[in-house]
Amino acid sequence: MKREFKKIMMTMLLVTASAAPALAAENYVKEGVNGTANITVTLTGVKDVTGNIQAGLYNSANGYNKGGTVRGARVDVVADTVIITYSDLPDGDYAIKLFHDVDGDGKMNANLFGMPTEPFAFSNNAVGKMGPAKWKDAKFTVSGGETAHAMKLN
Amino acid sequence: MSTEFSRRAALQTLAASGAVAAMASTGVNAFAQTSNFDSYAASAKKNPWTLGWRSALAPDLSTPEVKLVSGKIPKGLSGTFYRNGPALFERDGLRVNHWFDGDGMVHAYNLDGGKVSHRGRMVRTGKYLREEKAGRFLVSGLGTKIENPAPITGPDDVNAANTSVLPIGGELLALWEGGSAYRLDDTTLETIGSKTWAPQLKGMPFSAHPKIENDGTVWNFGQDFFNNRMIIYKISPKGKLAGMHLLKNVPGGMIHDFCMTEKHLIFVAPSFRVSQKADTILGMFKWLPNQNQRVIVVEKDNLDNRREYDLPPGFQFHYGNAWEDKSGDIRFSVCVGDNSFVEKGAKALMRGEIFDVTPARLAHVVLRKGGSAKIESILSERATHEFPQFNNRFTGQNSRYLYTVGDQTKIGVGQMSILKHDLKTGNITAHNYGEHSIVEEHLFIPRPGGVREDDGWLIGTSLNLKTKATRLNILNAARLEDGPQAVFELPYALPLGFHGAWKGL
C-alpha cells in the first residue's frame with residue numbers, strides 16, 4: 001500500500017497544473033476515464049488537524065490490488081472533518097484507499113515491522129485482516145449524479 | 001455406581017432410543033459445556049481457590065494504611081513495590097477464556113516509615129476504555145474469541161497491559177508482550193497513554209521482561225512471530241531510546257522472556273510455534289514435541305554477531321540469571337515445561353476447573369562456546385518452579401542464589417512456598433506459607449550498602465484463602481526458613497497477578 005501511495009504522490013507532482021488551489025487540494029485525473037458522476041467523501045475521525053489526506057480512487061480489483069488509481073486526491077487537513085471529491089466519473093464500481101499524512105512527508109509511515117503508523121481508511125470502512133481491506137469489501141457502486149460516501153479514519 | 005459407568009449407561013440408553021442419532025443430525029451436542037461464566041460461578045461456590053481468578057472488586061482500589069498482621073518492616077527497606085496482573089475477566093455475562101486475557105490492574109504498595117499503603121488501578125488502555133463504553137468485550141485476545149468483534153488495526157487494539165511494570169524516566173510503564181508499553185503516573189497510577197520510543201517504533205511490541213544492567217541501561221525485545229523476527233531495544237537509564245535493532249530469522253515460537261550476560265542477549269524460540277490459522281493468537285501456535293528449541297545468542301555491542309544452539313523440545317515462560325565464564329561458556333537458569341499450562345491450564349482456571357499440567361522444572365543450561373548446548377541439571381522436586389528472581393545487582397554475572405515460587409498445594413492449584421536455591425551446593429531453603437495460601441512472585445531487594453549476594457529481603461504477595469485477603473510479605477533473604485519478618489493484609493482479595501518491580505526511596 002505504501003508503494004501505491006508513493007506512486008499517487010509522484011503522479012500528483014506531475015499534474016499540479018490540475019490542482020484546485022482554492023480548495024487547497026491537488027487532484028490526479030486519469031485520462032480517458034470520464035463521465036458525469038461525482039463522489040463526495042466525508043471523512044471523520046481526524047485526530048490531529050495537520051498534514052493532509054491522500055486518497056486514491058480505484059475502479060477495478062486489479063487496479064485496487066496493484067495500485068492503478070483512476071483519480072488521486074490530496075486535501076489539506078484544516079478541520080476534524082475532511083471533504084474529498086472526485087468528479088466526472090463513469091458509472092461503475094469504485095473503492096477508495098486513503099491515509100492521513102500527518103507529518104506531510106508524502107509517505108504513509110510504518111513502523112519497523114511494517115505496520116502503518118499514520119491513520120488510514122478504506123471505503124465502506126472495510127477492515128483488512130493482517131493487511132489492506134479486500135476490493136470486494138471496499139467497493140461501492142456509482143450510478144449517475146451525486147454519490148455521498150462516509151468514511152472514518154482508524 | 002461409578003461416574004464412568006453411569007455415563008456409559010446413559011449413552012447406551014440414549015443410543016437405544018435413537019436420541020444420539022437425532023441430536024447428531026440437528027447439530028446438538030449432548031455434552032456441550034456450560035459457559036465459562038456459569039462454570040466459574042458454580043465452582044466459586046465450593047472452591048475457595050477460585051478467589052484468585054475473581055475480577056478485582058472495583059477498577060480503583062485504595063487502602064491508606066494496610067493492616068499489620070505480624071512483625072515489622074525491617075530498617076532500611078522503604079520504597080514502592082509495584083505489581084501488575086489481569087484483573088477484569090467478565091463483561092456482559094461473558095467471562096474470558098484465558099487467564100492472560102484479563103485486563104491489567106497495576107498496584108503500588110508504598111512502604112514508608114514502617115507503614116504500608118496500597119493503591120490499585122485498572123490500566124486505561126484503548127481496549128479497556130472502548131469496552132467500558134460499549135459495556136462488553138469488543139476484541140478477541142490471546143485465547144478468547146469474541147463474537148461480533150470491533151475492527152482491529154494493530155496489536156495495541158487488543159493490548160491488555162497486564163503482565164509487568166517498569167519504573168523508568170520518572171514514570172511507571174505497564175507492560176504486555178504483544179504491544180506498546182502504557183505510561184502511568186508512578187504515584188497516582190493514572191494512565192497517561194501508550195509509549196512511543198521513536199516514530200518508527202510506534203505500536204511495536206515491547207515485552208514484559210526487560211533486563212536491567214547495573215548502570216540502569218535497559219534491554220528488551222518485541223517479537224513478530226508471524227514473520228520470524230524481533231525488535232531489540234536499548235533504553236538509557238533515564239528512559240530514552242539508546243538503540244534498536246531488527247533481528248531476523250528468529251523462529252516463530254512464543255518467546256515470553258529472555259536472559260542476559262554482561263556481553264550477550266540470549267533468546268530461546270520454544271517448541272510452541274506459529275503453525276496454523278485460527279480464531280485466536282494462541283490457536284495459531286502448535287506444540288511440536290519433536291521440535292528442538294532454538295537458542296539465539298547476540299552480542300550487545302554488535303547485534304549482528306550471533307551464534308545459535310539447539311536445546312531439547314520444551315517451552316518456558318521465565319529465566320533466572322545468565323553469565324559467561326572465562327572460557328566463554330554461557331550458563332543460564334530457566335523454568336522449563338511444555339505447552340500444557342498456556343494451552344490448557346490457564347483456560348481451565350477461568351472455568352473454575354483444574355487441569356493437571358506438566359510441571360515447570362528448574363533447569364540449568366550451558367551453551368559451550370564451541371557450539372554445543374545442554375541442560376546440565378534439572379530439578380524435578382518441588383515443581384512447578386516459577387517466577388525465578390535473583391539479586392539484580394548480579395544481572396549478567398555469576399550468581400549463586402535463585403529464588404522461586406514452588407511446592408504445589410494439595411488442591412492442585414498454585415504454589416505455597418518461596419524457595420531459595422543455592423546453585424553452588426544444591427541446597428534449598430524455603431518458607432512454606434501453608435496449604436491455604438497461593439504464593440506470588442517475590443522480588444529480591446538488596447539491603448542498601450550490603451555486599452553479600454543474599455544480603456537483602458524478599459518482598460512478595462500471597463493470597464490467603466482462609467482470610468480471603470491478599471497479604472504482603474517481607475522475608476530476610478539470608479534466612480528464609482525463619483519465615484516473614486513482616487506480614488500485612490489488605491481488606492480485600494486481589495486476583496492473582498504476574499510480575500512486579502521495586503523502586504527504592
Side-chain angles (χ1 to χ4, degrees), chain A residues 1-6 43-48 50-55 95-140 149-154, chain B residues 126 130 138-140 145 148-159 177-181 193-207 220-234 241 243-248 250 252 274 277-281 284 303:
Chain A
M1 195 156 101
K2 194 172 155 187
R3 200 180 303 134
E4 294 165 25
F5 280 114
K6 214 181 245 175
L43 179 70
T44 56
V46 174
K47 287 186 194 83
D48 301 301
T50 181
N52 59 74
I53 301 294
Q54 298 205 25
I96 297 163
K97 295 180 189 178
L98 62 79
F99 76 97
H100 184 181
D101 186 10
V102 179
D103 62 3
D105 68 350
K107 292 187 298 198
M108 176 154 185
N109 297 344
N111 67 24
L112 291 181
F113 283 171
M115 300 185 293
T117 56
E118 287 181 309
F120 58 87
F122 300 92
S123 41
N124 296 333
N125 291 323
V127 178
K129 210 173 179 182
M130 312 272 286
K134 293 200 166 74
W135 162 260
K136 70 175 174 61
D137 298 322
K139 72 175 180 184
F140 58 99
H149 195 85
M151 291 175 70
K152 189 168 185 258
L153 288 166
N154 71 299
Chain B
R130 282 190 293 275
L138 293 172
V139 290
S140 300
K145 190 196 170 201
N148 304 314
I152 291 170
T153 57
D156 276 344
D157 288 345
V158 299
N159 192 335
E177 74 187 45
S180 305
S194 60
K195 177 76 184 174
T196 299
W197 298 99
Q200 65 271 43
L201 294 174
K202 189 179 176 186
M204 305 251 306
F206 187 82
S207 102
N220 200 9
F221 73 100
Q223 191 186 9
D224 174 5
F225 34 64
F226 298 116
N227 294 295
N228 296 330
R229 58 188 174 170
M230 61 166 57
I231 182 81
I232 295 174
Y233 302 84
K234 185 182 182 185
L241 185 72
M244 59 183 155
H245 182 81
L246 194 63
L247 189 68
K248 293 179 181 167
V250 179
V274 168
K277 288 193 170 179
D279 291 332
T280 61
I281 303 262
M284 295 178 193
L303 293 163

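Each chain gets a letter, A, B and so on, in the order the sequences are listed, and its residues count up from 1. Since this is a predicted model, take the numbers as computed values, not measurements. Side-chain atoms are counted along with the backbone in the values below, which use heavy atoms only and exclude waters and symmetry mates.
The two residues B:Pro155 and A:Met115 make their nearest non-hydrogen contact at CD-SD, 3.5 Å. Nearest heavy atom pair, residue A:Val127 against residue B:Pro151, reads CG2-CB, 3.3 Å. In terms of heavy-atom proximity, A:Phe113 sits nearest to B:Gly222 at CZ-O, 3.6 Å.
Counting non-hydrogen atoms of neighbouring residues, nucleotides and ligands closer than 6.0 angstrom, the NZ atom of B:Lys202 reaches no more than 12 such neighbours.
Remark: side-chain polar atoms of A:Asn154 are not paired, donor with acceptor, to backbone N or O of B:Thr153 under 3.5 angstrom.
Both the backbone and the side chain of B:Asp224 come within contact range of chain A, with heavy atoms under 4.5 Å apart.
For the pair B:Ile231/A:Leu112, a side-chain contact is recorded, criterion being any heavy-atom separation below 4.5 Å from C-beta on.
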